[in-house]
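In what follows, every heavy atom counts, from backbone to side chain, and hydrogens, waters and symmetry copies are set aside. First the proteins, then the strands, lettered A, B, ... as listed; each starts at 1.
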Amino acid sequence: MSTMAAPAGNNAASSPLRAATTVGGIAMFARREFRDAIASRWFLLYTLAFTVLAVGVSFLSLSGVGSSGFAGFGRTAAGLLNLIMLIVPLMALTAGAGSIAGERERGTLLYLLAQPVSRTQVLLGKYAGLALALVCSLCIGFGVSAGLLAWRAGGVGVGAYILLIGFTAMLALGMLSVGFVISVVSRRTSVSTGVALFVWLALVFVSDLGLMASSIIFKLRVQEIFGVAILNPLQSFKMGVIVNMNASLDVLGPVGDYASHTFGAVLPWLLASTMVAWIVIPLAAAMVLFVRRQSV
Amino acid sequence: MIKAEHITKRFGPVEAVSDISFELGNGCSLALWGSNGAGKTTLIRCLLGVIRFRGRASIGGIDVQRRGRQARALTGYVPQELAFHDDTRLGSAMGFFAGLRRVPGRRAAESLAAVGLSGHERKRVRDLSGGMKQRLALAIALLSDPPLIVLDEPTSNLDAAGRGEVIETLRHLKASGKTLVFASHRPDEVISLADRVLVLEHGRVERDTTPRGLWPTEKPVQVIRLFLSMAKESEAAGVLREAGHAVHLNGNGLCVAVPRDRKAEPINTLAKHRIEVLNIEVLDDMEIPGVES
Amino acid sequence: MRRGAVAILFVLLGAAAPLAAHPMSDIEALIDAAEPGGVVLIPPGVYEGNLVIDKPVVLDGQEGAIFDGMESGTVVEVLAEGVTIRGCTIRGSGENVTAEPAGIRVLAGHAVIESNTIKDSLFGIDLRQASDSVIRGNRIACKNFEPARRGDGLRLWWSHNCTVEDNTVLSSRDMVFWYSENLHITRNTVKDSRYGLHFMYSHDTVLEGNELTGNSVGIYLMYSNRITLINNRMLSHRGASGYGIGLKDCDDIVVRGNALLANRVGMYIDNSPSSIGATGTVEQNMIAFNEVGLLATPNTHENVFTRNAFMENEEPAESNGRGRLTRNSFSRDGFGNYWSDYTGFDLDGDGIGDVAYEPRSLFHEMLAVEPNLRLFVHSPAQQAIEFTARALPELQPKSVLVDPAPLARPPEIKLASPPADGAAPVMASLAAGLLLASGGLTVVFGRSPGIPVAPGGRE
């Protein structure tokens, strides 16, 4: 140790004072985040829970009928919908909420920011890494479930199934974005996780129940109900999946009828773009908040 | 190399750093001296551009707020204690930072070897001793051979042996022409490394001086640290200064420079004023460079 | 998509064997030359124009015999009794809806329409006052219009004692029966149309072994009495109405051994039976995977449901509006139905649940009052409401029906095997692909960015 010399100059050719390129830096953080995520307990737990429940739902909804081939994916989807709407936002929100706040709490964030990287790179890199990890986790759950469907029910509804995966991935990314917003402004993980759980509760239960209550109390019209409901990414997700499976939202009663007839063929795109907005807008907000932040 | 103009940083109502300006040339080393809460750490974070502040700071002519990424590419940073994911293996941590600084993996291996950590690549960060962690931090800071090294109390968590190693390494770096900026509350560090000392109090530059200016004696001096009850510290400092001692409050006891043969004098002085000394620590025997005995 | 492929196939076939075009008068000459009751062989070729048959002959189309109406009027019109048309391809009727142009229109009885292919016609086969006819083994696809502009694939009007069997109707409006009695409707297939089998004021008929898939409604009976539905299969009717079987004001209907699968509503009953003393019987049907197994208007009464299997329906039974279905019997002779969501038990092992099946759903109770809330089905909020209702018994609504003798095990109901769709390998490869993707991601991105170990490094 005593002979710790200044680094020799033999690496001058590699121009050592460059910072990583913007994309290169993001990729570095993304890989690190992905690696940390898939090695973490929460990832294993969520993946296991999601897979077991997804397979359980698929199995139960197909069991007991010799003619399960008729049902195909349709019946399984209904069960999966509920499951996805409960678990996936929870997974993504808490993962996002822990991301920046966790680094901040451990003190690692300061050290990372003291490297030749920008805050945008850190944020986007972490986002990409976690997004990839979430998609990976969903792939496992959906993959095993698809295997079961292929075995028990044939390939009925394979297109709808793929769209379900796509919409679920969008839901996960959207909720991850929201989690990042929470994380960026939180000093401690306990706080950000708490807020994330609160947001989860609000999106999953409170907003729907609130909308139900107000539609009864204020006698809301269908277009008003639809307009408010579509703001909730979970409702957009659900409607998106159903409209892709049934080609219309008639199963959702007068409100669905209204949506199908007003928007027609545009409806799936409208719903998909709501989901995309839930990915992009919170992520942009998280980025602005993080870059503008006065302290670490 | 580094230039600060009117750096001011507020945290809510508290002004942690007020209007600090200085300039430091290539190859110089600057110590930031002051008690805890004087603003040393905040100033370092400002200089690195990791927090936003009013005023301007530049490294090698590059504004740290506008082009922080490029400015930090010229800088190696050693924190008080390396904070990195505890589960990460040393090799993969080095690989990660090498990637961020776009240096080849070979260079990371060399850097590890240079701090004597070769062969520990498979160890996890949590299993490293404090000294090893600081050496790892140094290895990371030196990955791209940057001209400026910024250190935030790099030895405060180390034992005497570890401290010696780190200081020795830093002396080598200084000798090889690196510019150093470091926060410290250890006179021995300051005396052996700094060309210049900024004394900070309440976020302001109290004095811009040299180690010799801080401890103005022509005789070989020794620094002793006196531990008192917190409430008495500022009173005691006043008493000792009146008695002609160089005194520095640094939040971790009172540092007093005394001639080697009169170490008990400050204690006696305090005793006269009925200030009880709880403990005393004699810091390493250290000669102020350039001071003949 | 499939229709496009079929069209391309036809184009290809046409290109492969260009058939000579002849005027329809060639056929008229052949018919004129034939004895009454004689067989007229139609050689291959395209016969352009409209044909009217006014004497009893057998038109026997050879392979490649095509009648093309050239987009005008009805292609083949039968005015005489006892005409047989078989093996012909008939295409290109007019489009004028008010004139109802058809591929084949029969205006006299005792006709046999057999093994023809009818395409690109507004109406397919149209029988008016043509009793004692047989319509067998025809393939009918109507003009490729949007659903609202299509004509009926097969229509019987005032035509009694007919047999309609083994026909296939694709992408049409209805296979519809008006004022026609004592029919035998067997083994027909209707896909992607509006109403698979539609009865209006038509009584005393048996529908057996028909296959209805992806229509708006599978079998819709209106104002028709004494009809028996046996062993039909209604699959994937998912539109706004989306009923496997719909009954409106029908008396003495028997529904036995049918499979109602993956429809929006398995069976919809609106005010049937409607006459005093009439009944309805629904037994041994498989009602599975529907959004709603049984939907009935609250005024529905006097139906008997026994030994049916209600399997994995999102909602087994629902009242369409305020009210309950308790004026119907859900058991007969001590045998109720199997309900896959039955949570009771069968301690004595007699195959009958020891407690009655009484489904209660606060959410569905709310739906009856506030239909807009249906938007929230399939959501955790719905589960939350049901959970609350279970936790707070005072919120529990009345059960929509009572089955006093629920079956403990699903009754054995024989169903034909599902259509092989060849997509199972696709689903299987999707499964494999997803798992491989996650594995691949882990391998590619999960690798640590290692560094070379310095020479002389210690272990």
Spacing of CG belonging to A:Leu138 relative to CG belonging to A:Leu171, to within rounding of 0.5 Å | 9.0 Å
Any donor-acceptor pair under 3.5 Å from C:Asn290 side chain to C:Asn263 backbone | yes
d(A:Thr168 OG1, A:Ile87 CD1) to nearest 0.5 Å is 12.0 Å
Considering only heavy atoms, which portion of A:Ile140 lies under 4.5 Å from any heavy atom of chain C: side chain, backbone, both, or neither?
-> both
From A:Leu201 CG over to A:Leu93 CG, what is the distance, rounded to the nearest 0.5 angstrom?
-> 11.0 Å
Non-hydrogen atoms of chain A under 4.5 Å away: do they reach the side chain of C:Val265, the backbone, both or neither?
-> neither
Scored by heavy-atom pairs under 4.5 Å with chain A, the best of C:Leu434, C:Leu430, C:Leu435, C:Leu441 is C:Leu434
Residue from A:Pro254, A:Ser207, A:Ala39 scoring the most non-hydrogen pairs under 4.5 Å with chain C is A:Pro254
Who passes ring pair (Phe, Tyr, Trp, His ring centres under 6.0 Å) against C:Phe387, sequence neighbours left out?
-> none
Name, in order of residue number, those residues of residues 231-238 of chain A that have a heavy atom at a distance of less than 4.5 Å from a heavy atom in chain C; otherwise write 'none'.
-> A:Gln235, A:Lys238
Between C:Asn308 (side chain) and C:Gln284 (backbone), is there a donor-acceptor pair under 3.5 Å?
-> yes
Heavy-atom pairs under 4.5 Å with chain A are the metric here; pick the option from C:Ser241, C:Pro380, C:Ser438 that has the most.
-> C:Pro380
Go through A:Tyr258, A:Phe226, A:Phe205 and name the one with the most non-hydrogen pairs under 4.5 angstrom from chain C.
-> A:Phe205
Is it true that C:Arg264 and C:Glu291 have a side-chain N and a carboxylate O under 4.0 angstrom from each other?
-> no
Given the options C:Ala384, C:Ala428, C:Ser379, which has more heavy-atom pairs under 4.5 Å with chain A than any of the others?
-> C:Ser379
Contacting moiety of C:Phe363, where chain A heavy atoms sit under 4.5 Å = side chain
Any donor-acceptor N/O pair, C:Asn232 side chain to C:Ile230 backbone, under 3.5 Å = yes
Any Lys/Arg nitrogen of C:Arg374 or C:Glu318 sitting under 4.0 Å from an Asp/Glu carboxylate oxygen of the other?
-> yes
Find out whether C:Gln382 and C:His364 are in side-chain contact, i.e. whether some heavy atom of one side chain is under 4.5 Å from a heavy atom of the other.
-> yes
Between the CG atom in A:Asp257 and the CG atom in A:Leu249, the distance rounded to the nearest 0.5 Å is 9.0 Å
Compare every heavy atom of A:Phe43 with every heavy atom of A:Ser137, then report the nearest pair and how far apart it is.
-> CB-CE1, 3.6 Å
Which portion of A:Val144 sits near chain C, non-hydrogen atoms under 4.5 angstrom | both
Hey, which of C:Val377, C:Leu436, C:Val292, C:Val444 has the most heavy atom pairs under 4.5 Å with chain A?
-> C:Val377
Part of C:Leu373 lying under 4.5 Å from any heavy atom of chain A = side chain
Given a strict heavy-atom distance threshold of 4.5 Å, which part of A:Leu220 is in contact with chain C: side chain, backbone, both, or neither?
-> backbone
Interatomic distance, CZ@C:Arg150 vs CG@C:Asn144, rounded to 0.5 Å, equals 7.0 Å
So which of A:Ile216, A:Val206, A:Ile38 has the largest heavy-atom pair count under 4.5 angstrom toward chain C?
-> A:Ile216
Check each atom of A:Phe142 against the heavy atoms of chain C and say whether the ones under 4.5 Å are side chain, backbone, both or neither.
-> both
